[in-house]
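Just so you know, residue 1 is the first one in the sequence shown, and it goes up from there. Keep in mind it's a predicted model, so treat the numbers as computed, not measured.
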Amino acid sequence: MIKRIIKFVLIIFIFILIVNHKTVLKRFYPVYFEEKVSKYSQKYDLDPYLVYSLIRAESKFNPSAKSNKGALGLMQITPSTGAYIAKLIGDSDFKSEMLYDPEINIKYGCFYLAKLFDSFNGNIDCVLAAYNGGEGNVRKWLKEGKDGFNLKIEELPFDETRKYIIKVKRNYKIYNYIYKIKAFYLFL
């Protein structure tokens, strides 16, 4: 009798989990800093779910994150890249500590991401590789390759960058699955 009850409860639990799987997934793939991500995604013509995917991969939404390479904040921007971005957008009072401020970090990160999309003709693999491994490296890899703007992820010399591209693209697929409303449902 107890085995039947346990089996029944387990079946109910699995059913509830299946029915509510997106709610469960939202706990692991959150949309924190929604106002700021929305604001700067729109300003720089980016998909906000790509920005969330990048933030999740970079800092897991920790605005105080600091990498072993000195990258700071949500989108893990190095102080030198932050100074470069500040110069491009005309922020003359930039200090590296500002990168811990979610507003500034997301603004700078979205600006830089949009710049990379422009620089690499919208090629997501090149953009993500440049965000992680540096623009100069990606330009060098493209020059050495035979396919123009097509980067072969499996052939990248940086293991970290290969894994990073895969991780962000996986996050992006999951964010789209969880949060994007399919047009089909709009007509029901």
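From S38, atom OG reaches atom CG of L46 across 11.5 Å, with rounding to the nearest 0.5 Å. Atom CZ in R27 sits 12.5 Å away from atom CD1 in I178 (nearest 0.5 Å). The structure places CG of L74 at 8.5 Å from OG of S64, a figure rounded to the nearest 0.5 Å. Atom CG in N62 sits 11.5 Å away from atom CD1 in I55 (nearest 0.5 Å).
In terms of the side chain to side chain donor-acceptor pair (under 3.5 Å) criterion, residue partners of T161 (sequence neighbours excluded) are, by chain and number, N132. Residues passing the salt bridge (charged side-chain N to carboxylate O under 4.0 Å, His left out) test with K167, sequence neighbours excluded: none. Residues forming a side chain to side chain donor-acceptor pair (under 3.5 Å) with K69 (at least two apart in sequence, or on another chain): E160. Remark: T23 pairs with no residue by the side chain to side chain donor-acceptor pair (under 3.5 Å) rule, at least two apart or across chains. Qualifying salt bridge (charged side-chain N to carboxylate O under 4.0 Å, His left out) partners for D159, counting only residues two or more places apart in sequence or in other chains: R162, K163. When the side chain to side chain donor-acceptor pair (under 3.5 Å) test is applied to K39, the partners found at least two apart in sequence or on another chain are E103. With sequence neighbours excluded, the residues forming a ring-ring contact (aromatic ring centres under 6.0 Å, His included) with Y29 are Y175, listed by chain and number.
Using modelled atom types, one side-chain atom of N105 and one backbone atom of L72 make a donor-acceptor pair closer than 3.5 Å. Although no hydrogens or angles enter the test, the distance criterion places a donor-acceptor pair under 3.5 Å between the side chain of K22 and the main chain of Y177. In this structure, N121 contributes its side chain and N123 its backbone to no donor-acceptor pair below 3.5 Å.
L128 has its side chain out of reach of L116: every pair of non-hydrogen atoms, C-beta onward, lies at least 4.5 Å apart. Residues Y131 and I77 are in side-chain contact: their nearest non-hydrogen atoms beyond the backbone lie under 4.5 Å apart. Put simply, the side chain of I174 does not reach to within 4.5 Å of the side chain of F28, judged on heavy atoms. The closest side-chain heavy-atom distance from P48 to Y179 is not below 4.5 Å. The closest side-chain heavy-atom distance from V37 to V31 is not below 4.5 Å. In this structure, I124 and F117 have side chains that are in contact, with non-hydrogen atoms separated by less than 4.5 Å.
The salt bridge (charged side-chain N to carboxylate O under 4.0 Å, His left out) analysis of residues 78-87, with sequence neighbours excluded, yields no pairs. Sequence neighbours left out, the pairs with a member in residues 106-135 that pass salt bridge (charged side-chain N to carboxylate O under 4.0 Å, His left out) are D91-K107, K115-E135, D125-K169, E135-R139. Pairs engaging residues 56-81 under the ring pair (Phe, Tyr, Trp, His ring centres under 6.0 Å) rule: Y32-F61 [sequence neighbours left out]. Legend: salt bridge (charged side-chain N to carboxylate O under 4.0 Å, His left out) pairs involving residues 55-68, not counting sequence neighbours: none detected. For residues 63-97, the ring pair (Phe, Tyr, Trp, His ring centres under 6.0 Å) pairs, not counting sequence neighbours, are F94-Y108.
Between G70 and P79, the closest heavy-atom pair is O-CD, 3.3 Å. Contact record, S41 with C110: N-SG, 4.2 Å, taken as the closest heavy-atom pair. Minimum interatomic distance between A130 and F120 (heavy atoms only, all atoms of both residues): CB-CE1, 3.6 Å.
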Working note: L99 + M75, criterion side chain to side chain contact (heavy atoms under 4.5 Å, CB included); need CA distance, chi angles, decisive distance, verdict. CA-CA 9 Å; L99 293 171; M75 296 184 78; over 6 Å; no

Is there a side chain to side chain contact (heavy atoms under 4.5 Å, CB included) between L50 and V168? Walk through the geometry before answering. CA-CA 8 Å; L50 178 61; V168 174; 4.1 Å; yes

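Aromatic ring pairs are classed by plane angle as parallel below 30°, tilted from 30° to 60° and perpendicular above 60°; the pair F158 and W141 is perpendicular. Relative ring orientation between Y40 and Y44 is described as parallel, the plane-to-plane angle staying below 30° on a 0-90° scale split at 30° and 60°.
In the displayed structure, E154 atom CD is contacted under 6.0 Å by more than 12 heavy atoms of other residues, nucleotides or ligands.
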